[in-house]
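Report on the following structure.
Fair warning: this is a prediction, and the values are worked out from it, not measured in the lab. In each ligand, atom 1 is the first atom listed, and ligand 1 is the first ligand listed.
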Amino acid sequence: MFEKTRLKLTGWYLLIIMLISFSFSLVIYKVLTNEVERFSRMQQLRTERRLRSDFFSPPPLTADPDLVNETKNRILIMLIEINSIILIVSGGLGYFLAGRTLKPIKEMVDEQNQFITDASHELRTPLTSLRSEIEVNLRDKNLKLNEAKALLNSNLEEVISLQSLTNNLMDLTQYHKKNGGLAFEKLSLLTVINESVKKILPLSDKKKIFIKKNVEDYSITGNKLSLVQLFIILLDNAVKYSRNNSEIIINTHKTNGTIVVDVNDKGIGIDKKDLLFIFDRFYRAGSSRSKETAAGYGLGLSIAKEIINLHHGKITVKSSLGKGTVFSVSLFS
Ligand code: ADP
């Protein structure tokens with residue numbers, strides 16, 4: 001598909017260049033042939049005048065009409081040669097430039113196709129299990145009410161999980177599309193952290209995980225909803241990947257106008273080989289790949305990264321397998 005488009009674009013480049021080149025050649029041809037004809041006419045007049053005034057002196061050389069025609073032909077041939085060279089050179093150059101122009105578009109389309117493939121794959125797996133579960137139970141003529149209720153409960157869980165996947169997908173594409181279009185305001189960092197922690201408390205309480213806040217109330221510039229979502233993602237992961245009765249610590253500090261928030265956990269940690277990829281869409285590190293270990297689709301950190309990019313900030317991670325992880329978020333006041 002792209003080769004076809006590249007050839008089409010090359011054709012358009014060539015058409016434009018050759019139209020300009022032909023127009024210039026036409027003007028050059030007209031000007032030069034007019035000059036040759038004018039020169040020939042002047043030589044003719046000079047000869048006639050000379051002949052009338054001085055009968056005995058030798059006449060100056062007059063322009064030969066054949067020579068004039070030959071000169072015109074030579075100009076024409078030269079212009080055709082120049083245009084042929086322009087056609088060949090601009091053909092090659094146009095093809096190269098068309099490739100360069102289409103490269104970022106091709107990369108974008110490839111990325112989108114990959115995204116659609118990954119998203120469809122993630123949606124297909126739970127939908128297939130949901131369908132087969134319903135079908136098997138519908139075929140069971142002796143299905144009891146309590147069994148049917150258990151089935152509905154399990155189905156509901158799947159639906160809630162699917163809903164969270166589609167919400168994540170929507171968030172990811174929305175943030176990706178925004179491209180700097182978020183409304184920013186002056187915010188209190190403490191308020192943002194408090195709101196995020198409040199949303200996570202039901203989960204951390206369930207696992208008896210204590211969230212400790214050493215947070216200075218710095219003023220930051222950003223979009224409140226998205227920043228709250230960012231810290232919810234980090235805290236949710238910290239809870240998800242920590243054992244019961246552990247601790248999560250949120251620290252803040254300021255260096256050279258940059259406000260840094262660290263989210264520390266004493267959880268399972270991330271293997272070195274996974275660290276490079278955890279911000280990629282749908283990536284789940286080996287230890288968390290199975291949905292039984294921790295629910296998720298590998299989209300949280302990609303959303304976090306999009307939010308950070310919109311804030312022109314930075315997100316980094318340090319981790320030690322089996323000991324814990326620290327995510328550091330840099331924001332501006
Ligand atoms: P998920 O829905 O799988 O949590 P994320 O994009 O939020 O998706 O995270 C990607 C992967 O990074 C996770 O699957 C997990 O392997 C790893 N990860 C993220 N945060 C932590 C953490 N605090 N501790 C250990 N592993 C983590």
Side-chain angles (χ1 to χ4, degrees), residues 111 114-115 118-119 121-123 125-126 157-158 160-176 193 196-197 199-204 206-213 226-251 260-310 313-329:
E111 194 192 314
Q114 189 57 48
F115 181 62
D118 292 343
H121 178 78
E122 290 294 336
L123 283 165
T125 317
E157 261 174 40
E158 295 274 12
I160 290 170
S161 160
L162 277 171
Q163 212 171 19
S164 109
L165 170 62
T166 48
N167 286 343
N168 279 340
L169 286 171
M170 291 276 283
D171 284 347
L172 193 60
T173 41
Q174 286 303 318
Y175 284 128
H176 197 66
I193 300 284
S196 321
V197 172
K199 291 263 164 51
I200 290 299
L201 277 179
L203 293 175
S204 57
K206 237 188 208 173
K207 288 181 85 174
K208 296 195 174 55
I209 293 173
F210 178 62
I211 301 178
K212 189 171 167 189
K213 289 179 282 178
S226 63
L227 286 178
V228 169
Q229 187 176 6
L230 162 75
F231 289 110
I232 289 178
I233 290 169
L234 297 184
L235 289 168
D236 180 51
N237 279 346
V239 171
K240 238 170 25 178
Y241 301 110
S242 289
R243 291 165 202 96
N244 289 2
N245 301 307
S246 67
E247 191 181 44
I248 294 168
I249 306 167
I250 307 172
N251 289 321
V260 184
V261 184
D262 292 331
V263 179
N264 300 262
D265 67 57
K266 296 181 172 59
I268 59 170
I270 306 166
D271 201 325
K272 248 194 188 142
K273 68 173 172 34
D274 291 314
L275 277 179
L276 275 178
F277 308 106
I278 53 168
F279 293 98
D280 291 353
R281 287 181 310 212
F282 300 108
Y283 190 84
R284 305 199 79 208
S287 49
S288 32
R289 236 166 245 149
S290 106
K291 295 262 185 317
E292 281 82 53
T293 320
Y297 290 97
L299 286 174
L301 288 180
S302 342
I303 297 173
K305 183 95 180 154
E306 291 286 351
I307 296 172
I308 277 294
N309 287 346
L310 287 170
K314 223 168 77 179
I315 182 162
T316 53
V317 56
K318 279 190 196 135
S319 190
S320 174
L321 209 55
K323 289 191 179 148
T325 306
V326 187
F327 279 93
S328 300
V329 171

- prompt: Do any heavy atoms of Gly269 fall under 4.0 Å from ligand 1?
  reply: yes

message: Any atom of ligand 1 sitting under 4.0 Å from a heavy atom of Phe279?
response: no

Hey, does the side chain of [X] reach the backbone of [Y] with a donor-acceptor pair shorter than 3.5 angstrom?
X	Y	value
Ser319	Ile270	yes
Asn244	Lys208	no
Lys212	Glu247	no

Is [X] close to ligand 1, meaning an N/O of one under 3.5 Å from an N/O of the other?
X	answer
Ala285	yes
Tyr241	yes
Leu301	yes
Gly300	yes

message: Side chains of Asn167 and Gln163 only: does a donor on one sit below 3.5 Å from an acceptor on the other?
response: no

- prompt: How does Tyr283 reach ligand 1, if at all, at less than 4.0 Å between non-hydrogen atoms: by side chain, backbone, both, or neither?
  reply: backbone

query: Taking heavy atoms and a distance under 4.0 Å, where does Asp265 meet ligand 1: side chain, backbone, both or neither?
result: side chain

Taking only heavy atoms of [X] into account, list the atoms of ligand 1 that are under 4.0 Å away from them.
X	value
Gly298	1 (P), 2 (O), 3 (O), 6 (O), 8 (O)
Tyr297	2 (O)
Leu299	6 (O), 8 (O)

- prompt: Residues two or more places apart in sequence or in another chain: which of them pass ring pair (Phe, Tyr, Trp, His ring centres under 6.0 Å) with Phe277?
  reply: Tyr283

statement: Residues at least two apart in sequence or cross-chain that pass side chain to side chain donor-acceptor pair (under 3.5 Å) with Asp262, listed by chain then number, are Ser328

